[in-house]
Asks: 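Below you will find the structure I want to go over with you.
What you see below is based on every heavy atom in this structure, not just the backbone, and it leaves out hydrogens, waters and symmetry mates. Each chain gets a letter, A, B and so on, in the order its sequence line appears, and its residues count up from 1.
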Amino acid sequence: MAYDKFKILNSSAVPLNIDNVDTDQIIPARFLKATERIGFGDNLFRDWRYKSDGSPVESFPLNNKKYTGKILVAGKNFGCGSSREHAVWAIYDKGFRVVVSSFFADIFKNNCLNIGVLPIQVTESFLLEIFSRIEKDPDSVFEVNLENQEFIIAESGKKEKFKISVYKKSNMSNGFDDIDYLLNKKKEISKFANKSRY
Amino acid sequence: MTKTLFDKVWDSHVIEKINDGPDVLFIDRHFIHEVTSPVAFVGLKNRNLKVLYPERTFATADHNTPTINQHLPIKDRLSAIQVKTLEKNCNEHNIDFWGLGHKKNGIVHVIGPENGITQPGLTIVCGDSHTSTHGAFGAIAFGIGTSEVEMVFACQSIMQQKPMKMRINVNGKLNDYVTPKDVAIFIISKLSSSGATGYFVEYSGDVFEEMSMEGRMTVCNLSIEMGARGGMIAPDKKTFEYIKGREYAPKDEEWDKAVSYWSSLKTDKDAIFDKEYNFKGEEIEPMITYGTNPGMAIPISKSIPSSKKSDSKLSYQKALDYMGFNEGDKMIGKKIDYVFLGSCTNGRIEDFRTFASIIKGKRKANNVDAWLVPGSHKVLKSIKDEGILETLTESGFKLREPGCSACLAMNDDKIPKGKYAVSTTNRNFEGRQGPGARTLLASPLVAAATAITGQITDPREII
Ligand code: SF4
């Protein structure tokens with residue numbers, strides 16, 4: 001599915017300072033029953049955001065009105081567990097375009113890139129700086145510059161470079177996905193399909 | 001150039017290498033189920049595309065299906081729609097669909113191997129992270145997201161960065177009552193739940209060579225729980241014997257050709273790995289988890305450790321609070337409410353044999369609810385044919401019908417809030433087995449011993 005082009009984003013951020021957040025927390029399995037990709041944002045972090053009677057957990061950052069923005073900043077090993085792309089759909093649907101962490105699970109990272117959420121891996125010390133910046137001032141602005149591959153704390157100008165492959169970068173900035181690319185490879189693919197392996 | 005087993009299989013499937021980008025990888029087999037496929041089919045429709053090679057795709061309903069009264073219509077409206085949607089999509093695209101009641105129906109990672117679809121040297125994907133299970137046959141098998149499911153439908157290929165390579169050697173002999181599950185949990189506890197992120201793992205050494213095919217599946221299944229994309233084991237005689245004669249296995253002349261090719265799928269002597277670990281079989285004990293990720297595990301006879309430097313204190317404490325445990329608590333003797341035997345990790349016939357070997361002649365504890373869920377209809381049939389069902393019934397256990405069940409609790413099989421479950425599954429995440437459920441991962445032996453006494457029990461002590 002094609003998505004919006006990504007160039008530069010200036011936004012405040014929502015902090016989630018917890019390590020090893022798994023995809024069952026991002027979107028619990030019981031909300032995976034849809035047959036279309038709609039409405040997943042409502043159940044993002046469902047069991048952390050709401051008590052069992054449905055009332056919101058006031059202390060949870062996503063329920064705290066002082067935190068806003070299109071950037072989610074999370075503790076290390078974010079997105080481990082299941083391959084459910086629903087986890088990223090929920091993040092996207094809730095309005096996030098960037099997830100920052102010091103470490104991402106593999107499949108989760110791929111899923112992000114495939115649907116137009118930019119996963120940015122920073123060092124642990126820089127991650128701490130981002131968290132403490134948000135804590136000082138929840139309205140702090142961060143700049144994400146895809147072209148230069150930089151994540152910048154606007155107030156101090158401190159920045160860190162992040163990695164992304166040339167291919168994925170061009171996909172992100174043009175809003176292309178892999179199927180657009182693969183569809184042009186049908187001939188080579190059919191050669192593979194017809195060849196015997198033994 | 002010397003190559004690893006992983007290189008050999010991967011490189012032979014690369015259609016194109018993109019400079020500073022992923023490889024375009026040809027996919028031999030694709031498994032689908034009701035939960036992660038519907039949106040991919042919608043994507044196809046929006047692009048006006050058909051499934052390119054439907055004969056390479058196999059479909060089952062397993063994730064949200066009920067495990068009692070499967071002959072009746074599915075009660076849960078959304079689950080029913082999801083399964084119906086899969087059936088309709090399969091019909092439209094000419095894909096073989098093994099729905100509820102079909103004799104080949106079962107958990108996707110159980111039915112692949114048992115029907116001979118899983119073979120050495122193949123690339124296998126599925127919208128489910130435990131696709132790593134199929135690596136037990138020397139295949140490259142890994143979980144993918146729904147966008148990638150759509151890619152495989154449309155183009156029988158996906159784009160993937162080649163992972164780094166890790167080898168884990170376990171040599172020597174396993175102690176009695178130490179199962180493949182314990183070996184895997186032991187490794188994860190050493191490497192942590194993110195210790196193999198970015199890697200594809202090859203398991204080698206005496207312990208894996210000695211292991212049955214089903215045991216190897218359990219080990220490869222759990223690779224994802226330390227962050228690895230997948231795990232694999234070089235195919236050998238045991239692998240060939242397991243595959244031979246199964247429905248989708250090569251036959252006659254093809255069989256001989258296949259075996260000679262499969263026999264070449266081994267890591268070359270001087271091949272280099274990016275990372276390597278060595279463990280001794282003798283140092284492994286029956287294991288159990290105490291926290292909310294599979295890396296938080298200890299030998300069953302030990303006490304809960306204090307937080308390590310590498311964990312953030314806060315996250316560690318959060319996990320223990322969720323579980324209702326404290327640092328220093330002994331695991332043995334903790335009261336348990338539920339025992340779950342099943343899932344693609346431990347829902348095969350050997351697991352049921354193992355479970356039955358412990359409970360035979362004993363009674364299920366009154367305070368324990370036990371859910372025993374076979375991984376497939378074939379497993380269910382063997383349980384009946386081998387007389388295991390009788391043993392179970394005599395000891396006060398009931399058997400359910402096949403499916404994922406409480407492994408991810410998408411159906412009605414949910415462990416209630418705050419209750420403790422010893423589970424043979426793969427994830428002890430918060431709420432994985434139901435909102436508020438507290439999961440302790442362990443082997444079928446530990447599960448059986450615990451079901452008999454009603455508290456966490458070392459299987460070595462109940463014999
Ligand atoms: S049994 Fe559990 S881990 Fe395995 S496929 Fe089903 S839900 Fe996934």
Side-chain angles (χ1 to χ4, degrees), chain A residues 1 17-20 22-25 28-30 32-37 46-48 52 75-77 80-89 103-108 110-112 114-115 165-171 177-179 181-183 185-186 188-193 196-198, chain B residues 12-13 15-16 18-22 24 26 35-36 38-39 42-43 47 53 64 78-79 81-82 85 121 127-129 143-148 150-151 154-159 161 193-194 197-198 227 229 257-258 260-261 293 311-312 315 318 408-410 417 427 429-432 435-436:
Chain A
M1 179 164 139
N17 196 354
I18 303 172
D19 293 346
N20 301 317
D22 58 76
T23 48
D24 276 86
Q25 308 319 316
R30 59 189 192 281
L32 306 184
K33 292 188 179 177
T35 49
E36 282 177 78
R37 198 187 127 178
R46 177 78 201 198
D47 293 338
W48 285 349
S52 36
K76 75 163 181 251
N77 197 24
C80 58
S82 126
S83 60
R84 62 185 71 154
E85 199 169 292
H86 311 66
V88 193
W89 299 342
F103 197 82
F104 288 99
D106 260 350
I107 303 182
F108 179 82
N110 266 343
N111 287 344
C112 282
N114 280 337
I115 71 151
S165 75
V166 172
Y167 167 82
K168 282 290 179 190
K169 182 163 145 183
S170 117
N171 266 8
D177 64 15
D178 287 353
I179 296 193
Y181 188 94
L182 289 174
L183 285 172
K185 298 275 152 200
K186 284 258 181 78
E188 288 94 323
I189 291 168
S190 80
K191 265 193 233 148
F192 264 76
S196 164
R197 243 160 254 297
Y198 343 120
Chain B
S12 69
H13 287 81
I15 296 172
E16 186 195 1
I18 297 173
N19 212 356
D20 196 7
V24 179
F26 183 77
V35 177
T36 54
V39 173
V42 172
R47 292 178 205 252
Y53 297 111
N64 70 24
L78 293 175
S79 298
I81 294 176
Q82 236 179 13
T85 306
D128 185 288
S129 56
I144 56 176
T146 297
S147 296
E148 292 165 316
E150 188 183 335
M151 288 175 215
C155 307
Q156 202 59 45
S157 40
I158 50 172
M159 307 184 70
Q161 206 83 40
S193 65
S194 59
T197 302
R229 207 57 205 280
K257 279 198 243 163
S260 84
Y261 167 63
N293 72 58
D311 302 308
S312 104
S315 303
K318 185 174 184 298
L408 90 166
M410 263 189 93
K417 188 171 178 194
R427 287 189 175 137
F429 297 154
E430 283 185 32
R432 168 78 177 185

Asks: How about B:Asn19: does its CG atom have over 12 heavy atoms from other parts shown lying under 6.0 Å from it?
Replies: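 It does not: B:Asn19 CG has 12 such atoms or fewer within range.
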
Asks: At a heavy-atom separation under 4.5 Å, does A:Tyr181 approach chain B through its side chain, its backbone, both, or neither?
Replies: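 Looking at A:Tyr181, just its side chain touches chain B.
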
Asks: Look up atom CD in B:Gln161 and atom OG in A:Ser165, then write down how far apart they are to the nearest 0.5 Å.
Replies: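 The distance works out to 5.5 Å.
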
Asks: Check for a donor-acceptor pair, side chain of A:Gln25 on one end and backbone N or O of B:Glu430 on the other, with a separation under 3.5 Å.
Replies: yes

Asks: With only heavy atoms counted, which part of B:Arg432 is less than 4.5 Å from chain A, the side chain, the backbone, both or neither?
Replies: both

Asks: Side chain of A:Lys185, backbone of B:Cys155: donor and acceptor closer than 3.5 Å?
Replies: no

Asks: Measuring heavy-atom distances to chain A, does B:Val35 have an atom under 4.5 Å in its side chain, in its backbone, in both, or in neither?
Replies: both

Asks: Apply ring pair (Phe, Tyr, Trp, His ring centres under 6.0 Å) to B:Tyr53 and list each qualifying residue two or more places apart in sequence or on a separate chain.
Replies: none

Asks: Nearest 0.5 Å, what's the OG-CZ distance between B:Ser129 and A:Phe108?
Replies: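 The distance works out to 14.0 Å.
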
Asks: Can you sort out the partners of B:Asn64 under side chain to side chain donor-acceptor pair (under 3.5 Å), two or more places apart, ordered by chain and number?
Replies: B:Gln82

Asks: Please flag which part of B:Ile144 lies under 4.5 Å from any non-hydrogen atom of chain A: side chain, backbone, both or neither.
Replies: backbone

Asks: Quick one: what part of B:Thr85 sits under 4.5 Å from any heavy atom of chain A, side chain, backbone, both or neither?
Replies: side chain

Asks: Calculate, to the nearest 0.5 Å, the distance between atoms CG and CD belonging to A:Leu182 and B:Glu16 respectively.
Replies: 9.5 Å

Asks: Answer with side chain, backbone, both or neither: which region of B:Val24 has an atom nearer than 4.5 Å to a non-hydrogen atom of chain A?
Replies: side chain

Asks: Heavy-atom distance under 4.5 Å to chain A: side chain of B:Ser12, backbone, both or neither?
Replies: both

Asks: Give a yes or no on whether the backbone of A:Asp19 and the side-chain of B:Ser315 come within a donor-acceptor separation of less than 3.5 Å.
Replies: yes

Asks: When you check the gap from the basic side-chain N to the acidic O, do B:Arg229 and A:Asp106 get nearer than 4.0 Å?
Replies: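 No, no charged N to carboxylate O under 4.0 Å.
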
